[in-house]
*Asks:* 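This is the structure, below, for whatever I ask next.
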Amino acid sequence: MSLSLIVFLVCTSGVSSLEVKELSERVKMLPVSAVRVLSDLAKSTDVIRLTAGDPDFKTPKHIVDAALREAEEGLTHYTSSAGLPQLREAIARKLKVENALSYDPMKQIAVTNGGTGALALTFLALLNPGDRVLIPDPGWTNYKPMIIAAGGEAIGYPLRRVDGFKPNISEIEAMVTDRTKVIVVNTPSNPTGAVYDKDLLGELVELAVKKNLYIVSDEVYEKVVFDGHSHVSTATLPGAFERTITVNSLSKTYAMTGWRVGYAAGPEKVVSAISALNSALNSCPSSVSQAAAIAAINGPQDVVDKMVQEYRDRRNYFIASLNEIPGVEALRPAGAFYAFADFSSIEKSSVKMNQRLLSEARVVGIPGSAFGNAGEGYIRFSFASSMEELKEAANRMTVTFRRG
Ligand SMILES: Cc1ncc(COP(=O)(O)O)c(C=O)c1O
C-alpha cells in the first residue's frame, strides 16, 4: 500500500465533518448500573467485594456433566425460540409439584436468557410508550432500565424497615393511575430479603384485580428462604393466574448465573409474545445451557439445600456482626442472600458511606440509593461470598468504626 494511500485512509477514517446523529432517547435515560461499576472498580485491589448476587459455589457436577455430554452428542444448534420441549416439560412439572401452578409447557412457558431475559421480554411484550409499571423501592436495580428500554415508566412503591420492608397496599393503591399497567412483586426480595406471606400476596392480588393490572412475579430467590419461611407463588392466589407472569431462573438456585437460563410462565397470549420477541432478539436460549437446566431441575435437589444452609449460617454471622457496629442496624433477612444495613445514623448518603467503606475498611457493598430513593442511607452486602471473606469484612468494618 502506498504511503499516500495510508495517509488518506488515516485522515478519512473515523473523523467526519458530519455530526453523527444522537443515540436514542431511551438509551440516554438508562441509569448506570452501580452493581457493575462497583464490582469492576474493586476488582484488582485488596478490597473485599460484597457487591454481586453471584453465588460463590461451583455449579454442581452432575449439571456440568450433562451439558458436556449433550454438547458432545451434538446439542449445539438452535433450539425452539421458547426453549427445548423437554426443558419446558421439566419446568411445568416443577411448577406443578413445588409451586402448585399448572401451566401448559408448550403454550404457557418460555425459556429465556436468565430471569433478566424473562423480565425484559415481559416488559417489551406488555408496555406501550408511557405505560407505567409499579416497582418495589428499594428493588432490584435492573427493573427500571428494562422498563425504560421498553418505552415505559417505572414508579417505585416504597418499602420501609418499620414495615419489615413489606408493601403498604393502600399506599400503592393511591399510586395507581389510568396509565398504570403492571405491578412487579419480588419475593424473596433483593435487596431487603423480605418474604411475603399468603395474606399479603392475597391483598396485592386483590388490588391488581380491582385496578386491572398485570402482575410480574419475580421469584428467582424462591429457594433461598430461612427459619421455616416458605415461598408462595403469587399466581396461586385467587384471581391472579390469568394476570400474572411468573418469572424464575436457575441462576441463584443452582449457582448457575453464567449459564443464563430462566423462564417466564403465564397467560398464553403473553408467553407467545415473549417467545416471538425471544426469536427476534436472541433466536433462542443457549442449547447447552438448556441441557444443564434439564439436569438441574430433574436431578437431585440436596445440592440446593446444602447451599441454602450455608447462606443461613453466613447470614446469622454477618447480620449479628453488622448489628454490633455502633450506629448500624440490619434486619435479619428471611430470604435471598443480602444484608441490607442502615448506616444513616453514621452517614446519610449511601454513596458517600460506601466510598468511606471502600477507602477506610477496604470493603465494598452497593449503596442503597442504587435500589431506589427509599434505599438511601442503606448499604447492601451480598453474602453469596465465602464465610472467610465475610469474617474479614466484618473485622475490617469493626476496626474502622471503632477508630471512629
Ligand atoms: C430480583 C432479581 N430478579 C432477577 C434477577 C435475574 O437473574 P438472572 O438473569 O441471572 O436469572 C436477579 C439477579 O440478580 C435478581 O436479583
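Residue numbers count from 1 along this sequence. Just follow the structure's listing: the first ligand is 1, and inside any ligand the first atom is 1.
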*Asks:* Can you sort out which atoms of ligand 1 are near Arg260, meaning under 4.0 Å from one of its heavy atoms?
*Replies:* 8 (P), 9 (O), 10 (O)
*Asks:* Tell me whether Asp163 contacts the main-chain N or O of Phe165 through its side chain, where contact means a donor paired with an acceptor under 3.5 Å.
*Replies:* no
*Asks:* State the atoms of ligand 1, each with its element, that fall below the 4.0 Å cut-off from a heavy-atom position in Gly115.
*Replies:*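 Taking each heavy atom of Gly115 in turn, ligand 1 has 8 (P), 9 (O), 11 (O) under 4.0 Å.
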*Asks:* Only heavy atoms of Ser249, strictly under 4.0 Å: list the atoms of ligand 1 that pass.
*Replies:* 8 (P), 11 (O)
*Asks:* With a heavy-atom distance limit of 4.0 Å, tell me whether Thr116 approaches ligand 1 through its side chain, its backbone, both, or neither.
*Replies:* both
*Asks:* Between Ser350 (side chain) and Ser369 (backbone), is there a donor-acceptor pair under 3.5 Å?
*Replies:*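 Present.
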*Asks:* Please check if the side chain of Glu153 supplies one atom and the backbone of Arg132 the other of a donor-acceptor pair under 3.5 Å.
*Replies:*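 Answer holds: no.
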*Asks:* In terms of residue, atom name and distance, what is the protein heavy atom nearest to atom 13 (C) of ligand 1?
*Replies:*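 It is Lys252 NZ, 3.0 Å.
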*Asks:* In terms of relative ring orientation, are Phe343 and Phe401 parallel, tilted or perpendicular, with 30° and 60° separating the classes?
*Replies:* tilted
*Asks:* For the backbone of Thr51 and the side chain of Arg380, can you confirm whether one donor and one acceptor N or O come within less than 3.5 Å of each other?
*Replies:*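 Yes; at least one donor-acceptor contact below 3.5 Å.
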*Asks:* Quick check on contacts: which atoms of ligand 1 are under 4.0 angstrom from a heavy atom of Asn186?
*Replies:* 1 (C)
*Asks:* Is there a heavy atom of Thr257 sitting under 4.0 angstrom from any atom of ligand 1?
*Replies:* no
*Asks:* On the ring face of Tyr317, is Lys391 found with NZ or CZ under 6.0 Å from the centre and within 45° of the axis?
*Replies:*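 Yes - Lys391 lies over the ring of Tyr317, closer than 6.0 Å to its centre and within 45° of its axis.
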*Asks:* Heavy-atom pairs closer than 4.0 Å: do any link ligand 1 to the side chain of Tyr263, the backbone, both, or neither?
*Replies:*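 Neither; no heavy atom under 4.0 Å.
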*Asks:* Can you report which non-hydrogen protein atom sits closest to atom 5 (C) of ligand 1, along with the distance?
*Replies:*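 Here the nearest protein heavy atom works out to Trp140 CH2, 3.4 Å.
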*Asks:* Do Asp137 and Lys144 sit within salt-bridge range, that is, some charged N less than 4.0 Å from a carboxylate O?
*Replies:* no
*Asks:* Closer than 3.5 angstrom, by distance alone: can the side chain of Thr59 be matched with the main-chain N or O of Val64 as a donor-acceptor pair?
*Replies:* no
*Asks:* Could you find the nearest protein heavy atom to atom 3 (N) of ligand 1 and give me its residue, atom name and distance?
*Replies:* Asp218 OD2, 2.6 Å
*Asks:* For the backbone of Ser286 and the side chain of Arg260, can you confirm whether one donor and one acceptor N or O come within less than 3.5 Å of each other?
*Replies:* no
*Asks:* Within a distance under 4.0 Å of any heavy atom of Gly114, pick out the atoms of ligand 1 and give their elements.
*Replies:*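 With Gly114 as reference, the close atoms of ligand 1 come out as 9 (O), 11 (O).
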*Asks:* Heavy-atom contacts with Tyr221 under 4.0 Å: which atoms of ligand 1 show up? List them by number with element.
*Replies:* 1 (C), 2 (C), 14 (O), 15 (C), 16 (O)
*Asks:* Number the atoms of ligand 1 from 1 as they appear, then name those within less than 4.0 Å of a heavy atom of Tyr143, with their elements.
*Replies:*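 It comes down to these atoms of ligand 1: 1 (C).
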*Asks:* Can you tell me the protein heavy atom closest to atom 10 (O) of ligand 1 and the distance?
*Replies:* Ser251 OG, 2.6 Å
